[in-house]
Engineer: 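First the structure, which I've put down as structure tokens, then a few questions once you've had a look.
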2 protein chains.
Amino acid sequence: MPTSSRFVVAVHALVALAVTGDKPLRSEDLAHSANTSPVVIRGLLSRLSAAGLTRSQLGAGGGALLARPAEEINLLEVYRAVEDTRLFTLHRTPPPPDCAVGSNIVGGLQPALTRAREAFEAELDHTTVAEIADEVARLGKFTMPLEW
Amino acid sequence: MPTSSRFVVAVHALVALAVTGDKPLRSEDLAHSANTSPVVIRGLLSRLSAAGLTRSQLGAGGGALLARPAEEINLLEVYRAVEDTRLFTLHRTPPPPDCAVGSNIVGGLQPALTRAREAFEAELDHTTVAEIADEVARLGKFTMPLEW
DNA sequence: GAGCGTGTAAGGGTGACGGTTACACGTCCC
DNA sequence: GGGACGTGTAACCGTCACCCTTACACGCTC
């Protein structure tokens with residue numbers, strides 16, 4: 001089972017902020033770009049700002065901004081901000097303790113699962129939002145900052 | 001969002017078969033060990049046998065057996081047999097093509113997502129069911145084959 | 001041939017997810 | 001200072017995957 005779409009949409013929003021520069025973007029603008037609703041975007045921005053990745057300006061002319069340069073935001077931070085980071089679901093109901101296999105399978109399996117998760121997260125850790133933004137600019141043949 | 005519990009339960013079943021040796025185990029036995037229902041186990045065994053990891057003996061005294069030595073079954077095979085291997089969900093509805101970010105975000109992000117998935121799968125690839133079974137036997141202080 | 005065990009289909013309960021509506025609050029602009 | 005703007009959050013709903021249960025036809029062993 002895959003993750004939710006929150007991660008990809010959150011990266012989408014951060015990339016949009018990165019290519020736009022210092023101009024605040026409204027949740028409505030981001031929602032249009034990601035083809036979702038402003039409330040969903042605001043929910044994501046709420047998590048991202050709690051994680052220190054974005055900040056918001058209220059009032060007219062307001063919107064969301066990156067709290068840090070895009071070069072200093074990596075995908076692991078985004079992932080942790082918006083997703084449940086447990087990659088594996090254990091048994092819905094725990095195995096019986098009187099079973100030699102059932103009582104030890106989780107302990108025996110945990111190290112391998114942890115290694116897999118760490119390898120996954122390490123890969124996200126060394127990709128930045130700026131790199132994705134650069135790639136998007138290259139594919140879209142535009143230069144930053146992008147005017148909307 | 002995590003995977004389903006199918007992966008962990010499938011490994012559980014394979015480990016149970018591994019520690020038991022050549023004796024077939026019924027879906028009911030495996031269900032008891034994993035604290036789930038026989039039908040769920042049979043659904044998993046159906047996928048595992050399709051992937052060439054187990055085989056089933058019908059009739060009285062029948063049950064499931066490993067199709068190969070546990071040393072030759074790695075966790076990646078199990079994972080691929082029972083799970084949806086797409087780790088990331090893209091936008092629920094695709095971004096509009098007239099948006100410079102929306103039309104290129106997927107292409108720009110894909111390489112990073114692929115690297116993360118490959119790192120994850122590579123880790124699963126070099127752990128075998130036999131290793132997990134050994135670890136479970138060590139934790140449970142029993143020797144294989146285990147009598148039930 | 002009788003019983004055992006598998007394989008699979010159908011139906012239901014549960015929970016996460018994403019969309020929508022609604023509204024209170026803070027902030028900027030005139 | 002008043003009004004418009006935009007955020008933040010709660011509540012509700014439809015949808016879907018997941019897992020459980022029941023049910024039953026088929027094949028194999030004894």
Engineer: The criterion is ring-ring contact (aromatic ring centres under 6.0 Å, His included); which residues satisfy it with His91(B), sequence neighbours excluded?
Structural biologist: His12(A)
Engineer: Would you say the side-chain atoms of Glu72(B) and Thr128(B) include a donor-acceptor pair closer than 3.5 Å?
Structural biologist: no
Engineer: Who passes side-chain hydrogen bond (donor to acceptor under 3.5 Å, both in side chains) against Arg68(A), sequence neighbours left out?
Structural biologist: Glu77(A)
Engineer: Between Leu30(B) (CG) and dT6(C) (C1'), how many Å, whole number?
Structural biologist: 12 Å
Engineer: Whether the side chain of Asn35(B) engages the backbone of Pro94(A) through a donor-acceptor N/O pair (distance < 3.5 Å, no angle test) should be reported.
Structural biologist: yes
Engineer: Quick one: is dT7(D) close enough that its OP1 or OP2 comes under 4.0 Å of any side-chain N or O from Arg26(A)?
Structural biologist: no
Engineer: Roughly, in whole Å, what's the span from CG in Leu44(B) to P in dC18(D)?
Structural biologist: 12 Å
Engineer: Listed in order of residue number, which residues of residues 45-56 of chain A have a non-hydrogen atom at under 4.0 Å from DNA chain C?
Structural biologist: none
Engineer: Assuming nearest nucleotide by heavy-atom distance, tell me which of Asn35(B) and Arg92(B) is located more 5' along DNA chain D.
Structural biologist: Arg92(B)
Engineer: So, the side chain of Asn104(B) versus the backbone of Ala100(B): is there a donor-acceptor pair under 3.5 Å, distance only?
Structural biologist: yes
Engineer: Which one, dC20(D), dG18(C), dT6(C), comes nearest to the side chain of Thr36(B)?
Structural biologist: dC20(D)
Engineer: Provide, to the nearest angstrom, the distance between the CG atom belonging to Asp84(B) and the P atom belonging to dA17(D).
Structural biologist: 10 Å
Engineer: To the nearest Å, give me how far apart CG (Leu25(A)) and C1' (dC5(D)) are.
Structural biologist: 16 Å
Engineer: Going by the rule salt bridge (charged side-chain N to carboxylate O under 4.0 Å, His left out), which residues pair with Arg26(A) if we only count those two or more places apart in sequence or in a different chain?
Structural biologist: Glu28(A), Asp29(A)
Engineer: Please tell me if Ser4(B) has a side-chain N or O lying less than 4.0 Å from either OP1 or OP2 of dA17(D).
Structural biologist: no
Engineer: Can you establish whether the number of heavy atoms outside Asp98(A) located under 6.0 Å from its atom CG is more than 12?
Structural biologist: yes
Engineer: Find which nucleotide of DNA chain C each of Ser27(B) and Ser37(A) is nearest to by heavy atoms, and output the residue with the more 5' nucleotide.
Structural biologist: Ser27(B)
Engineer: Can you check side-chain hydrogen bond (donor to acceptor under 3.5 Å, both in side chains) on Arg55(B) and Ser49(B), steps first, answer last?
Structural biologist: CA-CA 5 Å; Arg55(B) 58 194 173 84; Ser49(B) 72; over 6 Å; no
Engineer: Let me check the geometry of the helix from dG1(C)-dC30(D) to dC30(C)-dG1(D). What is the bend angle between the axes at its two ends, five pairs each, to 10°?
Structural biologist: 20°
Engineer: Taking CG from Leu65(B) and P from dG5(C), how many angstroms apart are they, rounded to a whole number?
Structural biologist: 14 Å
Engineer: Do the side chain of Arg6(B) and the main chain of Glu83(B) share a donor and acceptor less than 3.5 angstrom apart?
Structural biologist: no
Engineer: Whole-Å distance between dT9(D) C1' and Ile41(A) CD1?
Structural biologist: 16 Å
Engineer: Could you tell me how far apart Arg6(B) (CZ) and dC18(D) (C1') are, to the nearest whole angstrom?
Structural biologist: 8 Å
Engineer: Below 3.5 Å is the cut-off: list the nitrogen or oxygen pairs between protein and nucleotides 23-29 of chain D, distance only.
Structural biologist:
{"unit_1": "dG27(D)", "atom_1": "N2", "unit_2": "Gly59(B)", "atom_2": "N", "d": "3.4"}

Engineer: Are any of the side-chain nitrogens in Glu121(A) or Arg80(A) under 4.0 Å away from the carboxylate oxygens of its partner?
Structural biologist: yes
Engineer: Which is it for Phe88(A) and Phe120(A) under the ring-ring contact (aromatic ring centres under 6.0 Å, His included) test, yes or no, and what are the steps along the way?
Structural biologist: CA-CA 12 Å; Phe88(A) 298 100; Phe120(A) 170 80; 9.8 Å; no
Engineer: May I ask you to say whether Glu118(B) pairs ionically with Arg115(B), meaning some side-chain N is under 4.0 Å from a carboxylate O?
Structural biologist: no
Engineer: Rounded to whole Å, please give me the gap between CD in Glu83(B) and P in dA17(D).
Structural biologist: 14 Å
